[in-house]
Amino acid sequence: MYRKISPVIFGAALAPYFFVLALYLRTTVVPMLFLRERTGRRMLNSLVRFWGVNFFRMGAAINQINITATGFKPEPGKSYLILSNHQSIIDIALLFWVFRESHVKFVMKKELKWFIPNISPATRMARFAFLDRAAGAKANEKFLKDFASAVAEEGTGCVIFPEGTRSRDGKLRQFKRAGVMMLADNLDMEVLAVSLDGTWRAATPMDLYNYLPGLDIKIHIEEPRDVKELRENPKEFLHQVRETMRSRLEEFRGEPVEDHVPSARRNTAQAAG
């Protein structure tokens, strides 16, 4: 019975949580950005991290989410270029929690730039990257360069999803190299590959209501690699990362993991068959 109502309890708990943090953002952090930008940016990064980490903690506690985290332990305060597979709308909050002892910024889709109360303005001010997936790599180049500059200037880490969008069926999508390479060429930090699984069961808001309670999430962080390896041979590096992710997902599930097939290609294949 509790699991049926836990998402409702979680939703009710979020209202005062978001109100207090939004009030702090507008009455303290925003003025500080104008009065003393460097201090304001530190405050803003801390606020966004607090927001994400505790949003996930609250959701995990109320909904009795089970988390198994293995592999490399990130060094507290150290900045990494993080490559992760992507399954759900909760992955960003999950990765805030995983890297809770450091500041991280995210490369996100442009739709998140405007339509989430409080979070959208906070992440815009924190200089996250918002990409238009339909516009192509060239059109997004400036956004990624600005993002890399913000990450380097503020000494934060960053997360990019090489698949470019969520895999709602839990299968691996093909990687897109352009965004990853733009960051690798402009940032001098070690690269971490993160494999996460289980969140695809709660990929949409309706899925969150149905499947978030008691959700099992598994995460594995690989050992860090030198960014020079990525710069020198991006195709091979990302192929290795993707195959490692596939192996981790197969370990988590105990069965083979297929590639995600876009619906247009799937329909064409079915028609041909």
Side-chain angles (χ1 to χ4, degrees), residues 33 37-46 48-49 52 72 74-86 91-92 95-96 98-113 120 122-165 173-195 221-242 244-245:
L33 281 170
E37 184 179 5
R38 191 169 180 178
T39 301
R41 293 219 168 271
R42 284 201 302 268
M43 293 171 64
L44 181 58
N45 285 333
S46 296
V48 172
R49 179 176 65 171
F72 177 74
E75 185 178 326
K78 185 171 181 177
S79 300
Y80 299 96
L81 170 54
I82 301 156
L83 312 180
S84 174
N85 65 314
H86 192 18
D91 290 346
I92 291 176
L95 290 170
F96 266 124
V98 171
F99 293 94
R100 57 194 174 275
E101 296 187 8
S102 302
H103 291 301
V104 290
K105 296 181 187 290
F106 285 79
V107 177
M108 305 194 296
K109 61 182 181 180
K110 71 170 186 177
E111 290 82 358
L112 299 179
K113 187 175 183 178
S120 289
T123 51
R124 285 200 309 272
M125 285 186 282
R127 301 194 284 184
F128 282 37
F130 299 92
L131 304 186
D132 184 349
R133 291 172 296 180
K138 196 67 178 177
N140 289 311
E141 189 173 307
K142 180 183 183 303
F143 299 117
L144 285 168
K145 281 186 176 178
D146 291 345
F147 176 71
S149 295
V151 167
E153 178 186 322
E154 298 175 28
T156 70
C158 62
V159 179
I160 186 169
F161 301 110
E163 292 169 288
T165 189
R173 288 177 172 269
Q174 294 300 317
F175 280 9
K176 297 174 172 59
R177 293 202 300 268
V180 176
M181 286 310 303
M182 180 65 67
L183 298 181
D185 287 340
N186 287 277
L187 295 171
D188 288 313
M189 54 183 65
E190 291 180 310
V191 182
L192 290 183
V194 178
S195 304
I221 304 176
E222 305 298 334
E223 291 293 320
R225 296 177 62 177
D226 195 321
V227 71
K228 291 178 182 177
E229 293 182 58
L230 175 53
R231 291 173 186 160
E232 290 168 0
N233 196 341
K235 184 176 181 179
E236 177 60 23
F237 187 98
L238 291 176
H239 173 74
Q240 291 173 8
V241 168
R242 189 172 183 274
T244 298
M245 287 182 180

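Numbers for residues simply follow the sequence, beginning at 1.
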What heavy-atom pair brings Leu83 and Pro162 nearest, and what distance separates the two atoms? CB-CG, 4.1 Å

Between Arg177 (side chain) and Lys235 (backbone), is there a donor-acceptor pair under 3.5 Å? no

Glu222 side chain vs Ala193 backbone, donor-acceptor pair below 3.5 Å: no

Report the relative orientation of the aromatic rings in Phe72 and Tyr80; use parallel for angles under 30°, tilted for 30 to 60°, perpendicular for over 60°. perpendicular

Inter-residue atom distance Arg242.CZ - Asn85.CG, 0.5 Å rounding: 10.5 Å

Over all atoms of both residues, closest heavy-atom pair of Glu223 and Leu192: C-CD2, 4.2 Å

Is any NZ, NE, NH1 or NH2 atom of the basic residue among Lys145 and Glu141 found under 4.0 Å from an Asp or Glu carboxylate oxygen of the other? yes

Which heavy atom of Val241 sits nearest to which heavy atom of Phe175, and what is that distance? CG1-CE2, 4.0 Å

Verify the neighbour count for atom CZ of Arg124: are there more than 12 heavy atoms of other residues, nucleotides or ligands below 6.0 Å? yes

Rounded to the nearest 0.5 Å, the CG atom of Asn233 sits from the CD atom of Glu229 at a distance of 10.0 Å

Which atom pair, heavy atoms only, marks the closest approach of Leu112 to Ser120? O-OG, 2.6 Å

Assess whether a salt bridge exists between Glu153 and Arg41, defined as any Lys/Arg side-chain N lying under 4.0 Å from an Asp/Glu carboxylate O. no

Less than 4.5 Å apart, any side-chain heavy atom of Phe237 and any of Arg225? yes

Supply the atom-to-atom distance Lys78 NZ to Glu101 CD, rounded to the nearest 0.5 angstrom. 14.5 Å

Answer yes or no: is there a side-chain heavy-atom contact under 4.5 Å between Leu187 and Val151? yes

In chain order, what residues pass the ring-ring contact (aromatic ring centres under 6.0 Å, His included) check against Phe106, with sequence neighbours excluded? Phe96

Evaluate the criterion side chain to side chain contact (heavy atoms under 4.5 Å, CB included) for residue pair His86 and Thr165; output intermediate values, then yes/no. CA-CA 7 Å; His86 192 18; Thr165 189; 5.7 Å; no

If you round to the nearest 0.5 Å, how far is CZ of Arg127 from CG of Asn45? 8.5 Å

Roughly how far, to the nearest 0.5 Å, is CG of Leu131 from CE of Met182? 10.5 Å

Heavy-atom closest pair (Leu144 atom, Gly179 atom, distance to 0.1 Å) is CD1-CA, 3.6 Å

Within a strict 4.5 Å, meaning less than it, do heavy atoms of the Phe161 and Leu95 side chains meet? yes

Sole candidate of Thr123, Val107, Ile92, Val104 that passes side-chain contact (heavy atoms from CB on, under 4.5 Å) when paired with Phe128: Thr123

So, Asp132 side chain and Asn140 main chain: donor-acceptor pair closer than 3.5 Å or not? no

Other residues, nucleotides, ligands: >12 heavy atoms within 6.0 Å of Lys109 NZ: yes

Pairwise side-chain contact, Leu238 with Leu230, heavy-atom cut-off 4.5 Å (strictly under): yes

Validation row: Val159, Val194 side chains within 4.5 angstrom (heavy atoms): no

Option among Arg42, His103, Lys105 that satisfies the side-chain hydrogen bond (donor to acceptor under 3.5 Å, both in side chains) test with Glu154: Lys105

Pro74 and Ile221, any side-chain heavy atoms less than 4.5 Å apart: yes

Considering all heavy atoms of both residues, which atom of Gly40 and which atom of Leu33 are nearest to each other, and what is their separation? C-CD2, 3.5 Å

Check whether any side-chain N or O of Ser79 sits under 3.5 Å from a backbone N or O of Gly155 as a donor-acceptor pair, and report yes or no. yes

Separation between OG of Ser102 and CD of Glu75, rounded to the nearest 0.5 Å: 8.5 Å

